[in-house]
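For reference, the structure is listed below as structure tokens.
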Amino acid sequence: MKRYCFGIDVGGTTIKCGLFQTDGKLLEKWEVKTRTENSGEKILPDIADTVEKKLQEKEISKEEVIGIGVGVPGPVNSQGDVIQAVNLFWGYKKVSEELEALTGIPAMAGNDANVAALGEAWKGAAAGEDNVVMVTLGTGVGGGIIVNGRTLSGTHGAGGEIGHMNVNHEETESCNCGNQGCLEQMASATGIVRMAKKILCSCEDESMLRQKEITAKTVFDAYKQGDQLAQRVVEIFGEYLGGALACIACVTDPSVIVVGGGVSKAGKILTDCVEKYFKKYAFSSCKNTPIVLAKLENDAGIYGAAKMVL
């Protein structure tokens, strides 16, 4: 009888692992180091090794495991092949096939942001919903889209790459993807810092940001204290992100939009600002779509990876 599954979330620094029952109960979670040297050749063997050790520790046979789900930071096609994962130093890689060969257990791979969205839709802020948009605001901007209960991966595995929507046609600086004017340049933690520094350099207005190291957190903290320059930055951020989400809602018509990632720790003031501009730009049928904060935090990936194989 199949009673267990594994959820694996592969990051550039650590691999988060979870052992689940098939009813969704998380039995144990742990991490192993992501070894990216030599084009990340050790990553999948390390996952296989930690799964094997956990099975032995818990005295679980492979016949009791329904599968291993893996979230990967890069486009993943419907066969579980990674097109490229730059943070892991992977080129094209048959992740599902290789991991299954290493473990003898069925394996399924998906884009990490799509997988996180699946986790939030299963056990988090969007629990029970079949149509969900999730945006993750960290060093970059990630996204996951679920339509009718299924993650949207697309032809090249690039479905849900919200961070690389073009939102500013006047931008001249390049995004890490090579284009200019991506949402990631405006709404990520690094984008917020970039905008704050540009505004500080363009004027002589008093601001507490002039006496601090500028981070996304210090910008939002200054905003909470009424700093007018910080308010300008947050309003620009809110308009870009709210407008982008309004465009996505026109296409996917979600029942809920979930905001996660490190920047989301700013809390309700962030969602309030984004929601204001979302309502301004959204199609009439979508204007009342709730925008909520993620609940699973760093565990969203392992929950979503487990859900993939269930």
Count the heavy atoms of every other residue, nucleotide or ligand shown that sit under 6.0 Å from CD of E31, and state whether that count exceeds 12.
-> yes

Which atom of V132 lies closest to which atom of A121, heavy atoms considered | CG2-CB, 4.1 Å

Determine, stepwise, if the pair K93 / E41 fulfils salt bridge (charged side-chain N to carboxylate O under 4.0 Å, His left out).
-> CA-CA 10 Å; K93 197 168 189 65; E41 66 179 9; over 6 Å; no

Report yes or no: do I8 and M108 belong to one cluster of Ile/Leu/Val/Met/Phe/Trp/Tyr joined by side chain heavy-atom distances under 4.5 Å?
-> no

Of all heavy-atom pairs linking M186 and G181, the shortest is CE-CA, 4.3 Å

Which distance, rounded to the nearest 0.5 Å, do you find between the CG of N114 and the CE of M308?
-> 9.5 Å

N168 atom CG, neighbour heavy-atom count above 12 within 6.0 Å = yes

Does a sphere of radius 6.0 Å around CZ in R3 hold more than 12 heavy atoms from other residues, nucleotides or ligands, not counting ones at 6.0 Å or beyond?
-> no

Of all residues at least two apart in sequence or in a different chain, which pass the salt bridge (Lys or Arg N to Asp or Glu O under 4.0 Å) check with K198?
-> none

Between V263 and L270, is a side-chain contact (heavy atoms from CB on, under 4.5 Å) present by the stated rule, with each step listed?
-> CA-CA 9 Å; V263 178; L270 182 149; 3.7 Å; yes

Can you tell me if N131 and S255 form a side-chain donor-acceptor pair at under 3.5 Å?
-> no

Under-4.0 Å salt bridge between K42 and D46 = no

Taking atom NZ of K2 as the centre, does the number of heavy atoms from other residues, nucleotides or ligands within less than 6.0 Å exceed 12?
-> yes

In terms of hydrophobic clusters joined by side-chain contacts under 4.5 Å, are W122 and L152 together?
-> no

Tell me, do Q185 and M195 make a side-chain contact under 4.5 Å, heavy atoms counted?
-> no

Between N166 (side chain) and Q180 (backbone), is there a donor-acceptor pair under 3.5 Å?
-> yes

For F220 and F237, what are the C-alpha separation, side-chain angles and deciding distance, and is it a ring pair (Phe, Tyr, Trp, His ring centres under 6.0 Å)?
-> CA-CA 11 Å; F220 277 100; F237 155 85; 5.8 Å; yes

Take F20 and Y303 through the test ring pair (Phe, Tyr, Trp, His ring centres under 6.0 Å) and record every step on the way to the result.
-> CA-CA 8 Å; F20 293 80; Y303 271 97; 5.0 Å; yes

Test item: T136 side-chain N/O and A113 main-chain N/O as donor-acceptor pair under 3.5 Å = no

Give the intermediate values and the outcome of salt bridge (charged side-chain N to carboxylate O under 4.0 Å, His left out) for residues K58 and E64.
-> CA-CA 12 Å; K58 300 295 184 183; E64 295 178 277; over 6 Å; no

Taking every heavy atom of A125 against every heavy atom of L293, the minimum-distance pair comes out as CB-O, 3.4 Å

Side chain proximity check, L241 to Y277, heavy atoms < 4.5 angstrom | no

Are there more than 12 heavy atoms of other residues, nucleotides or ligands under 6.0 Å from atom CD of E57?
-> yes

Would a 4.5 Å heavy-atom cut-off, applied to side chains only, mark I66 and C5 as touching?
-> yes

Counting only heavy atoms not in E59, do more than 12 fall under 6.0 Å of its CD?
-> no

Tested for side chain to side chain contact (heavy atoms under 4.5 Å, CB included) against V234, the lone hit among I269, V219, L229 is V219

Y281 and G243 have their tightest heavy-atom pair at CD1-CA, 3.8 Å

K276/D272 salt bridge by N-O under 4.0 Å criterion = no

E37 CD to I43 CD1 distance, which is reported to the nearest 0.5 Å | 8.5 Å

Salt bridge or not for E275 and K268, using N-O below 4.0 Å?
-> no

Determine whether the side chains of T36 and T34 contain a donor N or O and an acceptor N or O closer than 3.5 Å.
-> no

State plainly whether one hydrophobic cluster holds both I291 and V167, where clusters connect Ile, Leu, Val, Met, Phe, Trp and Tyr through side-chain heavy atoms under 4.5 angstrom apart.
-> yes

Rounded to the nearest 0.5 Å, the CD1 atom of I302 sits from the NZ atom of K29 at a distance of 6.0 Å

For I192 and A187, work out which heavy atoms get closest and say how close.
-> CD1-O, 4.2 Å

NZ of K197: more than 12 outside heavy atoms within 6.0 angstrom?
-> no

Distance-only side-chain donor-acceptor flag, D23 / Q21, under 3.5 Å | yes

Rounded distance [0.5 Å steps], CD in Q211 versus CD in E206 = 8.5 Å

Would you call D205-R232 a salt bridge at under 4.0 Å N-O?
-> yes

Can any side-chain N or O of K62 pair as donor or acceptor with the backbone N or O of T103 at less than 3.5 Å?
-> yes

Do side-chain atoms of E184 reach the backbone of V141 as a donor and acceptor pair under 3.5 angstrom?
-> yes

Side-chain heavy atoms under 4.5 angstrom apart, residues restricted to Ile, Leu, Val, Met, Phe, Trp, Tyr: same cluster for L99 and V10?
-> yes

Under a single-linkage definition using a 4.5 Å side-chain heavy-atom cutoff for Ile, Leu, Val, Met, Phe, Trp and Tyr, are V95 and V65 assigned to the same hydrophobic cluster?
-> yes

Mind checking the CG-NZ spacing from L245 to K279? Nearest 0.5 Å is all I need.
-> 13.0 Å

Minimum heavy-atom distance between V309 and G69, given as atom pair plus value | CG1-N, 3.5 Å

